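Not measured: the values here are computed from a predicted model.
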Amino acid sequence: MDDRVADTALTPQVQHFPCVVYETQKKMDDYQAPDMRYGDLSAHRLMTYYGLTDVSTLVDPYTLQQLPGNSVHVPIYQPLPKRVTLSRGECIRRMFNEMRSLSHMPFSLYGPYRYVINEMIDHLQNGHGQVFRSPLLNQALREQITQDSSADNTLTGIKGVLDANVNKQNKTVPISLKSMVKEKISSGRLPKFNRFEDRANGLGITVHDTWATHITITSVVFSATNWKASVHYRIQDHFGLDDDDILNWEFRQWRFFRLWFVLQRYNAMAHRPFITEMETTMEIAGSL
């Protein structure tokens, strides 16, 4: 055997960076997901199958009529005021304004992220399906990772794998790193916003669960006594509702979600849901 071939066979393979160490089964940029549908339902279907007859307190989205005010204040000897028919654009505008008025109680009561929902409602109304990015959501992702002190924290898991497998003598990382990190993360918990506090701090209503996650170790650098690694998180969620959402009483009981579903899925309105993208880079280190 050629000596060069023998040397290559005996040399341990090392991992080069950047390296994607974790990907969810659900794909990035998935515009075919059920919650990304829009404009696919008729008024009859919305009212009969989904039970969405009481959608807005201001307008009837199916007839485009302005709803009368509180009839309690109308004397019994006077007829109820005649309904006014609105343009479709005006009807939609009032429905979005009603969504905004309902977005803070009880979903977004306090904290630095409480007004992100208003930006996302604006994007649903005017963004035409473009990807939504926000420095505040990037900050929220970073905080979620750093404040998670559990053993299931993905960053803690990656650090543990590196600590145990860095070749301290040669200052290299084995090529098996990717499979070991994937196994570790798969048994842990990905960054999500479904904690108890997220129900009222604006993150549960804007992101809540997530759709796709990619985690990349972009670099591992060695010094005489330490190793340092940069870990990049890229996470996507969908700001859209599917059938399971609105057929779930936990969501349908809230007028906010009934308005949202009709604005998105009614074929006469058809506002496009969109992908929310968050990213952050974290630094970890260990001793040699």
Worksheet item: Which pairs count as ring-ring contact (aromatic ring centres under 6.0 Å, His included) when at least one residue sits in residues 14-39, sequence neighbours excluded?
Response: none
Discussion item. For a side-chain hydrogen bond (donor to acceptor under 3.5 Å, both in side chains) check, start with the C-alpha distance between Arg255 and Thr57, then their side-chain angles and the critical distance, and finish with the verdict.
Written reply: CA-CA 9 Å; Arg255 188 176 299 280; Thr57 61; 5.1 Å; no
Item to complete: Would you indicate whether the side-chain heavy atoms of His271 and Met95 approach each other to under 4.5 Å?
Response: no
Worksheet item: Centroid-to-centroid, Tyr49 to His44, below 6.0 Å?
Response: no
Worksheet item: Side chain of His123, backbone of Gln130: donor and acceptor closer than 3.5 Å?
Response: yes
Worksheet item: Taking the side chain as C-beta and beyond, is there a heavy-atom pair between Asn138 and Leu141 under 4.5 Å?
Response: no
Practice prompt. Report yes if some heavy atom in the side chain of Ile185 is under 4.5 Å from a heavy atom in the side chain of Ile158; otherwise report no.
Written response: yes
Worksheet item: How long is the span from the OG atom in Ser56 to the CE atom in Met99, to the nearest 0.5 Å?
Response: 11.5 Å
Worksheet item: Would you say Arg258 and Asp54 make side-chain contact, with heavy atoms under 4.5 Å?
Response: yes
Worksheet entry | side-chain contact (heavy atoms from CB on, under 4.5 Å) partner of Leu190, chosen from Ile235, Asp152, Asp209, Thr213 | Thr213
Practice prompt. Please list, chain by chain and in numerical order, all residues satisfying side-chain hydrogen bond (donor to acceptor under 3.5 Å, both in side chains) with Thr53, sequence neighbours excluded.
Written response: none
Item to complete: Answer yes or no: is there a donor N or O on one side and an acceptor on the other, between the side chain of Thr218 and the main chain of Ser230, under 3.5 Å?
Response: yes
Discussion item. Below 30° counts as parallel, above 60° as perpendicular, anything between as tilted: where do the rings of Phe257 and Phe107 land?
Written reply: perpendicular
Worksheet item: Are side-chain heavy atoms of Lys182 and Ser186 found at a separation under 4.5 Å?
Response: yes
Worksheet item: With Lys171, which of Val221, Val166, Leu288 fulfils side-chain contact (heavy atoms from CB on, under 4.5 Å)?
Response: Leu288
Worksheet, complete the sentence: Rounded to the nearest 0.5 Å, the CZ atom of Phe196 sits from the CG atom of Asn201 at a distance of 11.0 Å
Discussion item. Using a 6.0 Å cut-off, check whether atom CD of Glu250 has over 12 heavy atoms from anything other than its own residue.
Written reply: no
Worksheet item: With a cut-off of 6.0 Å (strictly less than), are more than 12 heavy atoms of other residues, nucleotides or ligands near CD of Glu183?
Response: no
Worksheet item: Should we count CD of Gln169 as having more than 12 external heavy atoms under 6.0 Å?
Response: no
Worksheet item: Taking all non-hydrogen atoms of both residues, which atom of Phe239 and which atom of Thr276 are closest, and how far apart?
Response: CB-OG1, 4.2 Å
Response to the item:
Partner of Val21 under side-chain contact (heavy atoms from CB on, under 4.5 Å), picked from Val231, Thr216, Val181, Val161, is Val181
Worksheet item: Quick check: does any side chain N or O of Glu283 sit under 3.5 Å from a backbone N or O of Lys228, one acting as donor and the other as acceptor?
Response: no
Worksheet item: Taking C-beta and beyond as the side chain, do His232 and Glu279 meet within less than 4.5 Å on heavy atoms?
Response: yes
Item to complete: Working to the nearest 0.5 Å, report the span between CG of Leu136 and OH of Tyr113.
Response: 6.5 Å
